[in-house]
Every structure is written in structure tokens, then in C-alpha cells.
2 protein chains.
Amino acid sequence: MTIKAAIIEKHYRIGEFAAKTGLSGPTLRYYEKEGLVKPHRSDNGLRYYTDADADWIKFLLHLKGTGMTIEQLKQYVTWRAEGDATITKRLQLLKNVRRGFLQEFEELQHSMTILTDKIDWYQGKVDGHISDNEDFANYLASLNHEE
Amino acid sequence: MTIKAAIIEKHYRIGEFAAKTGLSGPTLRYYEKEGLVKPHRSDNGLRYYTDADADWIKFLLHLKGTGMTIEQLKQYVTWRAEGDATITKRLQLLKNVRRGFLQEFEELQHSMTILTDKIDWYQGKVDGHISDNEDFANYLASLNHEE
DNA sequence: ACATTAGTTAAAGCCGACTTTAACTCATAG
DNA sequence: CTATGAGTTAAAGTCGGCTTTAACTAATGT
């Protein structure tokens, strides 16, 4: 006797799916118009999305979070639709994205250092253990921090 | 005999200053209109900037780099112009900025992890040590990485 | 003296990424 | 059967952060 699991794929209509993904309905329609996501349609013509679509949106948002624009995402999606022949292209694109992101990341870390230094400097002024005439440039220099 | 160093403060006109700061001339004028920077004027009416202005711009760009908007920067500048009475306000503002930035930073790190996992997964497919039917969700699960 | 390059202003334009509007249809509880 | 809430479309609007344009004046090299 064969056991056959009847896995019923859950259908999410746009409102529920919007809540699930954190995007708005209009944003989902916008992404669809840009070709980033392809929801399905039930017989009555209403969109529905699945858990697989949710996974895809999550991944998409991570890529977006690394600084990819909608245009770049479209390119990725286009290649994805073309199948395995474009895997190296996609790999190369993602590597380029990572390179840019790492660079940006270092700048963010530097800005973070400067921000923290400034906070410490203000705190020192408030607490009175940095003298009134010590300016921020000197303070940075004393920490060997640039800019 | 008193030695008096005649320190001549270098004046940068907008073009030179733009090159120095990496901003464009129009952007410098825009920042001025928004009250973020106050260049000086020579007798002929032309703007000039100093090294102190450059330091200020650099700091401003770091704040901007942490996600502060022009409006928030304006608030900071306004308080700065009001003098020491607003130091605690500025300190509080910068601490809030840091809190938001740290949060954003963690999300960026997570996106980075997912991006790298995807790159490794593609690389595995290309190199043939990840089987054709291993999907990315499984691969993430195997790494104990979420989403 | 004059051509070229740099600076001046106010106002309009642009771009990406959505959001809002308008005018409509569909779904469903009472 | 009808009120209400959700979904449909295409098109226009918004917003932040500049950039471009237009019409002009100032500075500088030959």
C-alpha cells in the first residue's frame, strides 16, 4: 500500500501575502509589473501566492538589502528564467554585488567609528573629563582615527 | 623679539572645494540652501570655503552615511548653532542615530550571509559538489541559516 | 580686448521606488 | 439581496536628494 501524502499547497491572496512578507499590496503589484514576482491566478481571476513565492520574496529582499536596484534584480530574474545555462552569469552578478557591498560595508563601519567617537567626545564634555577647548579634530587625532 | 606666525587660512572657491570634498558645486549650494554649511564670501561676492568647512563636510557625510536624512542633519545643525545649551540634545540625537544604525547594520550582515550562502550554493552547483536537486532552502537549512 | 573658464541665482527637472487615486468588480456575512 | 471589505486595472502623484537649465556676472590667460 503506497502512502501518498496529499500536500495541499496553501494559497495566499494578496492581502494575506502582503502581511506575511511585510510588503504592501501595491508594492507586490509593482514588483509583479517589474517582473520580479509572478503570482498565480485562481479561476475567478484573483492573484494568489504560495510559500515558495514567500521564500523568493525574502531572498529578493535580501538582495535588495545589499544594495541591488530593481533593474539589477530584473536582470537576475531574467537569467533565472532562462535556466541553468545562465548560472555562471548569475554567480558572477552576485559576486559583483558582494564586492560592492563589502566596500560599502567598510565605509559604513568607518562612519560608525566616527559617530561613536563623536558621541564619546560629547559625553566627555558633558561629564567634564574632556576639556572645553579640546576640539573634535584633536580628539580624533588622539585616537588615531582619521577624518 | 616676538615670533608671530602669520597663519594664512587657505580659501577654496566652490570648484576647488567641490573637488576636495567629492561633492558637486550644485550639491554644495543645495546643502547651503538647506542650512547644512555656511560658506564665507569674499569682497567680490564669491563663496569661499576653508579647511574647517571641509572637516565639517566630512563629518556631515559620515552622519549622512549612517542613514541620517537632510532634515535630521538640519536639526543637528540648528542645535549646534544654538551653542552648548543643546549639547545633551545633540548627544541624544546621535545616540538615537546610532541605535537605528546598529539595527540596520545587523540586517545588512544577515543579508550578507544569505548572499554569500547563495554564492556558495551556485558555486557548489557549478563545481558539481552540490547535487542538482538540492534546493537553496535545504542548503540554508543544512547551514542552520534562516530565511 | 577678448575668449574662455568659473561663479551667481532661481526655478524646473529627474530618478528610483513606491503610493495614491479613480473607477470598477468580486467575495461573503447577515 | 445588499452592505462591506478585498481585489482589479491604469495612470497620476509623491518624496528625497540631488542635477540641469537659463540667463547672467566675474576672473583670468594671451
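Both backbone and side-chain heavy atoms feed into the values below; hydrogens, waters and symmetry mates do not. Protein chains get the first letters and strands the later ones, always in sequence-line order, with residue 1 at the start of each.
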(message) One thing to verify: whether B:R13 and B:E16 come together as a salt bridge, which I'm taking to mean a side-chain N less than 4.0 angstrom from a carboxylate O.
(response) no
(request) Please report, rounded to the nearest Å, how far the C1' atom of D:dT8 is from the OH atom of A:Y49. (result) 12 Å
(message) For a quick test of reading the model: is some side-chain N or O of A:R47 closer than 4.0 Å to OP1 or OP2 of D:dT8?
(response) yes
(request) Give the rounded distance in Å between these two atoms: CG of A:L28 and C1' of D:dT8. (result) 14 Å
(message) Looking at A:K74 and A:L36, would you say the former's side chain and the latter's main chain have a donor-acceptor pair under 3.5 Å?
(response) no
(request) Could you run through nucleotides 21-29 of chain C and give me one letter per nucleotide, 5' to 3': B if any protein heavy atom sits under 4.0 Å from the base, S if only the sugar-phosphate is that close, - if neither? (result) ------S--
(message) Check A:R47 with A:E32, please: is the shortest side-chain N to carboxylate O separation under 4.0 Å?
(response) yes
(request) Calculate, to the nearest 0.5 Å, the distance between atoms CD1 and OG1 belonging to A:I57 and A:T27 respectively. (result) 10.0 Å
(request) Could you state the atom-to-atom distance from NZ of A:K74 to P of C:dC18 in whole Å? (result) 13 Å
(message) Under a plain distance cut-off of 3.5 Å, with no hydrogens placed, do A:D51 and A:Y12 share a side-chain donor-acceptor pair?
(response) yes
(message) Can you tell me how the ring of A:F105 sits relative to the ring of B:F105, calling it parallel under 30°, perpendicular over 60° and tilted otherwise?
(response) tilted
(request) Output all residues satisfying side-chain hydrogen bond (donor to acceptor under 3.5 Å, both in side chains) with A:Y122, sequence neighbours left out; order by chain, then residue number. (result) B:Y76, B:R90
(request) Answer yes or no: are there more than 12 heavy-atom neighbours, outside A:D84 itself, under 6.0 Å from its atom CG? (result) no
(request) Using atom CZ of B:R41 as one end and atom C1' of C:dG7 as the other, report the distance to the nearest whole Å. (result) 10 Å
(request) Could you check how far CZ of A:F17 sits from C1' of D:dT8, rounded to whole Å? (result) 18 Å
(message) Within the 4.0 Å heavy-atom criterion, would you say B:R29 contacts the bases, only the backbone, or no part of the nucleic acid?
(response) base
(message) Please encode protein proximity along nucleotides 15-20 of chain D as a string of B, S and -, counting only heavy-atom distances under 4.0 Å.
(response) --BBSB
(message) Without decimals, in angstroms, what is the distance between B:D43 CG and D:dA26 C1'?
(response) 14 Å
(request) Using atom types as modelled and distance alone, determine if a side-chain donor or acceptor of B:S142 lies under 3.5 Å from a backbone N or O of B:Y139. (result) yes
